[in-house]
Amino acid sequence: ILIDPETNSYVYRGCYPYDQDYIGRHYQINEGIMFNVINSGDVYTTEDLFADPLTCFIPEEVEYLKSVSGSIFLPFHSQDRTIGVMHVGLVEKRPFSHDEIQLLTTIAEIAGNALDRALLLETLEQRIAQRTHDLSLANEQLQELDRLKTKFISDVSHELRTPITNINLYLD
């Protein structure tokens, strides 16, 4: 689940088992485990997801997560901010071991850095396209100014030739 910086909502970007209905959905949630993990930047584990006091589901999630008990929520960090959350759920009610938490935290750190680079490249391409468009508009304006300058010089040159020619005739 990633945070959309424009709308500040949560967006489901992937899930297992794969469910097409979740991918790309936006949610505004200002409470619950995910909200807590995003704001604190800390890992959160629970042995029973549905009994946890911080649990806050949207109606569509209840059916999808009904078989999940033990859960761990890991933040995707990018430099100094949290860009999303990885949720790993278990069918059985049990705590995660120290080694499991350490492994999943490492995976979340690597994924957070990779996602940040991918999002940066995506926005970089958009900024480059916008800058290219702006430069092409500026180039068109410069070409128009160059055309007007050339026309002005041509007109002034033509207008000055006649009196200069008359002066030269008087001088001759």
Separation of [Y] [atom2] from [X] [atom1] (nearest 0.5 Å):
X: Asn8; Y: Ile3; atom1: CG; atom2: CD1; value: 6.5 Å
X: Asp4; Y: His26; atom1: CG; atom2: NE2; value: 5.0 Å
X: Leu135; Y: Ile128; atom1: CG; atom2: CD1; value: 11.5 Å
X: Lys149; Y: Lys151; atom1: NZ; atom2: NZ; value: 14.5 Å
X: Leu49; Y: Ile72; atom1: CG; atom2: CD1; value: 12.5 Å
X: Ser78; Y: Leu2; atom1: OG; atom2: CG; value: 11.0 Å

Test ring-ring contact (aromatic ring centres under 6.0 Å, His included) applied to His87 - qualifying residues, sequence neighbours left out: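 Expected list: Phe73.
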In this structure, would [X] and [Y] fall into the same cluster of hydrophobic residues linked by side-chain contacts under 4.5 Å?
X: Ile23; Y: Phe76; value: no
X: Phe50; Y: Val37; value: yes
X: Ile38; Y: Val11; value: no

Where the side chain of [X] meets the backbone of [Y], is there a donor-acceptor pair that is under 3.5 Å apart?
X: Thr82; Y: Gly84; answer: no
X: Thr150; Y: Asp146; answer: yes
X: Ser71; Y: Thr46; answer: no

Who pairs with Glu140 by side-chain contact (heavy atoms from CB on, under 4.5 Å), at least two apart in sequence or on another chain?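 If we apply the side-chain contact (heavy atoms from CB on, under 4.5 Å) test to Glu140, skipping adjacent residues, the hits are Ser136, Leu137.
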Under a 3.5 Å threshold, yes or no: a donor from one side chain and an acceptor from the other, between Asn113 and Glu109?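 No, no side-chain donor-acceptor pair sits under 3.5 Å.
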Listed by chain and number, what are the salt bridge (charged side-chain N to carboxylate O under 4.0 Å, His left out) partners of Glu92, not counting sequence neighbours? Arg94
Looking at residues at least two apart in the chain, or sitting in another chain, which of them share a salt bridge (charged side-chain N to carboxylate O under 4.0 Å, His left out) with Asp99?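 Partners of Asp99 under the salt bridge (charged side-chain N to carboxylate O under 4.0 Å, His left out) test: none.
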Can you name the nearest heavy-atom pair linking [X] to [Y], along with the distance?
X: Met86; Y: Ala108; value: CE-CB, 4.0 Å
X: Asp52; Y: Leu54; value: OD1-N, 2.8 Å
X: Asp116; Y: Ile83; value: N-CD1, 3.9 Å

Quick check: do [X] and [Y] have side-chain heavy atoms less than 4.5 Å from each other?
X: Val85; Y: Tyr10; value: no
X: Asp42; Y: Tyr44; value: no
X: Arg127; Y: Arg131; value: no
X: Val43; Y: Pro75; value: yes

Members other than Leu171 in its cluster, when Ile, Leu, Val, Met, Phe, Trp, Tyr link by side-chain heavy atoms under 4.5 Å? Ile167
Side chain to side chain contact (heavy atoms under 4.5 Å, CB included) partner of Thr105, chosen from Ile101, Ile107, Leu103: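 Only one of Ile101, Ile107, Leu103 forms a side chain to side chain contact (heavy atoms under 4.5 Å, CB included) with Thr105, namely Ile101.
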Taking side chain to side chain donor-acceptor pair (under 3.5 Å) as the test, write out the residues that go with Arg13, two or more places apart.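 None.
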Taking the six-membered ring for Trp and the single ring otherwise, decide whether the centroids of Tyr27 and Tyr12 are under 6.0 Å apart.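 Yes: the rings meet the under 6.0 Å criterion.
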Heavy-atom neighbours of Phe152 CZ exceed 12 at 6.0 Å: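 Counting other residues, nucleotides and ligands, CZ of Phe152 stays at 12 neighbours or fewer.
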